[in-house]
Amino acid sequence: MDWGILIQEWTMLPSMALSVLTNPQTLIGLVLGGLLGIIGGILPGISAVMSMTLMLGFVFKMPVDAGIGLLVGIYTGAIYGGSITAILLNMPGTPAAAATVLDGHAMARNGKSREAVGLATWSSFFGEIGGELGTFILLPFIAVVALKLGDWEIFLVSLIGLTLAGALGAKNPVKGWIAAFAGFLVVMIGTDPIWGVFRYGYTPALMRGVKFLPVLIGLFGIAEVFWVLRDKVPYQLTEKPGCMIARVRDFKGNIRTIFRSIMIGIGVGIVPGVGESVAPWLAYDMAQRKSKNGSKFGTGIPEGVIAPEVANNATSGGALIPMLVLGIPGSGPTAVMLAALFMYGIRPGPMLIIEFPGFIAKVIFLFWVSAVIFRLLSWLLSKYFIGLLSVRREVILPVAVGLGIIGAWGVGFNTFDVLVMFIFGVVGYVMRLRSFPLAPMVLGVMIGTVADQSLRRALVTYSGNIPGMFMRPFGLVLLIAFIIIIYSQMKFRKKLKIQDE
């Protein structure tokens, strides 16, 4: 590696920053993208990928910096916007916000919605700034590791994520593992991704498979509606509506959690297709393990909001690494950005630093400016978001169900996805009655497809040398980590049980 070129990229950051700040079109693109992203994140089913894809037609007509700025703004705004409905309605607007539900909505139920939104906003800000900074500094070193990750390693990362799901919201990790495995089985429905064989395809609709978003909306959103209907006294905002509240002490006491979640977001973000699904849950699990209040997670404590919100924004930095260095999108949003770059004649890959010096520095700075912009926008709009909880139940529940139906319908534009949403709404309600955690099932559905495809491709690749697959160096490290995680989970849960007694 030519370290001189790398140092040159670092030193070009000030000039790239000046070019962004002095370009009105770029700043307008960032502001517009932030607004569109927040709105798209709030609406269930309108993910960052969909929002960015819908705007590609406009991007083609815009200058390079303004177009990339618009996409970056949508990306960061959508990831943050998903936490708003996760906190206020128990309905994650985006998959990246699913982990925020656990403590974020609990805080809202406890009359601390303003604090929860403030925690999510600032945590997203810290995650974005720290994730991109870490990416900019560590990009060449992490890129070397990314080159070593194959299908077998991606499967093991997914398996570790499923194993960690046992710690998410269940006193007994076995219940969490059962829920995660059930979610994994759900995504087995449909067509085999390698051989094209139908699995559980009893009807034409089932042959197409079960999509993730209807399951997510059903498990959290519709199940929450059922759960609220059984309460004789519905919860409502018990404090005066207003702007978000952010206390320095909440973050000062969680500096280690913030730093650790940033590292998790970057590290997991480099694994294609896994980062935004797994990183928030890993960060939440690690925060619970390291916290003195581990037994209180899920009841509405700041750490339970800070960890996943920092991690899901930091993954954007990690996902940029394979996109910029290898030309491989690390996530859905970066795949859209990759398409836009090709349209502009910019080809990501190992030669990017040489052919377009300063471009990586400019992209990193665009993310930083976008983080500041969505922070200001969220502050101005927060009082309107928080006002949702002051609306009477007779009004807000039909609206929530309507948004869920729109989100589920928008996935495939068919009634089957809407039916799936309601079915999993009932499943989620029954699971809550039986004290089975919902989060592990969501994670199983999230990464089940990636795990399935990666394992099958690895078995095809090493069909004549299965021992060689197990002896891959990075695979061995991940296998050892898998065993350690299983042991530590059982030990940690025993410790929590003793504390409760």
Side-chain angles (χ1 to χ4, degrees), residues 6 9-38 41 48 52 64-81 83 96 120-140 142 246 251 258-259 261-263 265-266 269-270 275-276 279 309-321 323-325 330-331 333-334 337 340-341 352-353 356-380:
L6 176 62
E9 189 71 19
W10 288 342
T11 56
M12 291 186 70
L13 180 61
S15 61
M16 294 297 103
L18 183 62
S19 68
V20 170
L21 295 176
T22 56
N23 189 332
Q25 290 180 324
T26 303
L27 296 177
I28 292 173
L30 286 168
V31 173
L32 181 60
L35 279 172
L36 294 173
I38 292 175
M52 294 170 70
V64 177
D65 291 355
I68 300 301
L70 178 68
L71 294 178
V72 168
I74 295 174
Y75 189 1
T76 56
I79 293 178
Y80 162 73
S83 66
T121 301
W122 279 104
S123 298
S124 299
F125 177 79
F126 294 142
E128 197 67 60
I129 297 295
E132 306 303 334
L133 176 61
T135 296
F136 191 50
I137 296 174
L138 301 175
L139 189 144
I142 300 179
F251 296 98
I258 293 173
F259 180 78
S261 299
I262 289 173
M263 292 297 101
I266 295 174
I270 68 172
E276 292 175 9
E309 281 300 306
V310 170
N312 64 24
N313 281 269
T315 54
S316 61
L320 286 177
I321 292 173
M323 185 196 79
L324 294 174
V325 177
S331 63
T334 55
M337 291 186 65
L341 291 179
L352 179 65
I353 295 178
F356 300 92
F359 181 77
I360 293 178
K362 180 177 290 186
V363 171
I364 295 296
F365 190 76
L366 284 171
F367 272 94
W368 285 341
V369 176
S370 180
V372 175
I373 289 174
F374 86 67
R375 166 69 185 81
L376 295 174
L377 291 174
S378 60
W379 181 271
L380 295 173

> Considering residues at least two apart in sequence or located in another chain, which fulfil the side-chain hydrogen bond (donor to acceptor under 3.5 Å, both in side chains) criterion with S123?
Replying inline: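 Partners of S123 under the side-chain hydrogen bond (donor to acceptor under 3.5 Å, both in side chains) test: none.
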> Under the side-chain hydrogen bond (donor to acceptor under 3.5 Å, both in side chains) test, which residues partner S378, sequence neighbours left out?
Replying inline: none
> Passes side chain to side chain contact (heavy atoms under 4.5 Å, CB included), L366 versus T26? Steps please.
Replying inline: CA-CA 9 Å; L366 284 171; T26 303; 3.6 Å; yes
To the nearest 0.5 Å, what is the distance between [atom1] ([X]) and [atom2] ([Y])?
| X | Y | atom1 | atom2 | answer |
| --- | --- | --- | --- | --- |
| I38 | I79 | CD1 | CD1 | 12.0 Å |
| L13 | I364 | CG | CD1 | 9.0 Å |
| I360 | L320 | CD1 | CG | 9.5 Å |

>> Please enumerate all residues that pass ring-ring contact (aromatic ring centres under 6.0 Å, His included) together with F125, with sequence neighbours excluded.
In response: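 With sequence neighbours excluded, F125 shows a ring-ring contact (aromatic ring centres under 6.0 Å, His included) to W122, given in chain and number order.
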Check whether any side-chain heavy atom of [X] lies under 4.5 Å from a side-chain heavy atom of [Y], and answer yes or no.
| X | Y | value |
| --- | --- | --- |
| W379 | T121 | no |
| L133 | W368 | yes |
| L341 | I68 | yes |
| I266 | M263 | yes |

Compare every heavy atom of [Y] with every heavy atom of [X], then report the nearest pair and how far apart it is.
| X | Y | result |
| --- | --- | --- |
| S370 | G73 | OG-CA, 3.4 Å |
| A120 | S124 | O-OG, 2.7 Å |
| I262 | G127 | CG1-CA, 4.4 Å |

Got a donor-acceptor contact below 3.5 angstrom from the [X] side chain to the [Y] backbone?
| X | Y | answer |
| --- | --- | --- |
| S261 | I258 | no |
| S19 | M16 | yes |
| T76 | V72 | yes |

> What's the verdict on side chain to side chain contact (heavy atoms under 4.5 Å, CB included) for V20 and D65, showing C-alpha distance, side-chain angles and the deciding distance?
Replying inline: CA-CA 8 Å; V20 170; D65 291 355; 5.6 Å; no
Set of side-chain contact (heavy atoms from CB on, under 4.5 Å) partners for [X], sequence neighbours left out:
| X | value |
| --- | --- |
| A66 | Q25, M62, P63 |
| L27 | L30, V369 |
| V31 | I373 |

> Does the side chain of S316 pick up a donor-acceptor pair with the side chain of E128 at under 3.5 Å?
Replying inline: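 The criterion, which ignores hydrogens and geometry beyond distance, is satisfied for E128 and S316.
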